[in-house]
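The structure appears right after this line, and notes come after that.
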Amino acid sequence: MCYRGIGKNRAIAIVAACEFGKRFRKTAPEEKPVLKNALAIGDYMMPQLEDLDVEEFWALFLNPKHELLRRVRICRGEVSENAADPRNIMRFGVLYNATYIVTVHNHVSGNSSPTKFDSTIAAKLTQAAESVRMTLHDHIILADEQYFSFKDNKKL
């Protein structure tokens, strides 16, 4: 309150903000989900993608311990080569300093079998990730509580 313009109420607010900051720093950091395999990834993303009436394409960016750094919805609606542009996905990977990238999308048809487009985009993403020293850890298709993993090459 010794500064001009700082009254009792404002001084209390400043002290409270400082105390809040101290307490916030003392709290444990939020645990990052570990997504090492297709089942863990599918279980993590299923609540986000089940019951949607449109396709969504997501990219998950992981550190070397397979902990989630960030997840980004790449597109919503019709998933096409333009919408799921590998260059855009790699840009996010570099931005978040990711080691691994996992891409996930849903099939609203209820059939988790990969289409020709799914195979093509997985191959392009694998090549793009290697060019920036990252790894496409998996490409997963979700549909009606079933998963298809390109890494495992099977339905789960």
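Just so it is clear, the model here is predicted, and its values are computed rather than measured.
Interatomic distance, CZ of Phe61 versus OG1 of Thr103, reported as 9.5 Å (0.5 Å rounding). Rounding to the nearest 0.5 angstrom, the gap separating the NZ atom in Lys32 from the CZ atom in Arg70 is 10.0 Å. Atom CG of Asp144 is separated from atom OG of Ser109 by 8.0 Å, given to the nearest 0.5 angstrom. Rounded to the nearest 0.5 angstrom, Met46 CE and Ile140 CD1 are separated by 10.0 Å. The OG1 atom of Thr126 sits 9.5 Å away from atom NE2 of His139, with the distance rounded to the nearest 0.5 Å. Distance check, rounded to the nearest 0.5 Å: OG of Ser113 to CZ of Phe148 gives 7.5 Å.
Among all heavy-atom pairs drawn from Ala40 and Val34, the shortest one is CB-O, 4.1 Å. Here the closest heavy-atom approach between residue Pro86 and residue Lys124 is recorded as CG-CB, 4.1 Å. Of all heavy-atom pairs between Pro47 and Glu50, the closest is CA-OE2, 3.8 Å. Nearest heavy-atom pair across Pro33 and Tyr44 is CG-CE1, 3.8 Å. Between Tyr100 and Pro64, the closest heavy-atom pair is CE1-O, 3.8 Å. Residues Asn106 and Leu52 approach most closely at ND2-CB, 3.9 Å, considering heavy atoms.
Each of Leu35, Thr99, Ile41, Ile101 was compared with Leu62 under the side-chain contact (heavy atoms from CB on, under 4.5 Å) criterion, and only Leu35 meets it. Test Leu49, Ile74, Leu142, Asp118 against His105 for side-chain contact (heavy atoms from CB on, under 4.5 Å) and you get one pass: Asp118.
A donor-acceptor distance shorter than 3.5 angstrom exists from the side chain of Asn37 to the backbone of Leu39, with no hydrogens or angles considered.
For residues 127-138, the set of pairs meeting the side chain to side chain donor-acceptor pair (under 3.5 Å) definition, not counting sequence neighbours, comprises Asp138-Ser149.
Using the six-membered ring where Trp is involved, Tyr96 and Phe92 have ring planes that are parallel, under 30° apart on the 30 and 60° scheme.
At a threshold of 4.5 Å between non-hydrogen side-chain atoms, the residues Ile141 and Gln146 do not count as touching. Using a 4.5 Å cut-off on side-chain heavy atoms (C-beta onward), Pro114 and Phe150 make contact. Counting heavy atoms from C-beta outward, Val104 and Arg71 have side chains that stay 4.5 Å or more apart.
Every residue meeting the side-chain contact (heavy atoms from CB on, under 4.5 Å) condition with Asn63, not counting sequence neighbours, appears here in chain and number order: Lys65, Glu67, Leu69.
Around the CZ atom of Arg73, the shell of radius 6.0 Å holds more than 12 heavy atoms that belong to other residues, nucleotides or ligands. Counting non-hydrogen atoms of neighbouring residues, nucleotides and ligands closer than 6.0 angstrom, the CZ atom of Arg10 reaches no more than 12 such neighbours.
Cluster annotation: Val108 is not connected to Phe57 through the hydrophobic network of ILVMFWY side chains, with a link wherever side-chain heavy atoms come within less than 4.5 Å. Residues Val132 and Leu95 fall within the same hydrophobic cluster, defined by Ile, Leu, Val, Met, Phe, Trp and Tyr side chains chained together at heavy-atom separations under 4.5 Å. Side-chain heavy atoms closer than 4.5 Å link hydrophobic residues (I, L, V, M, F, W, Y) into clusters, and following such links, possibly through other members, connects Phe117 to Leu136.
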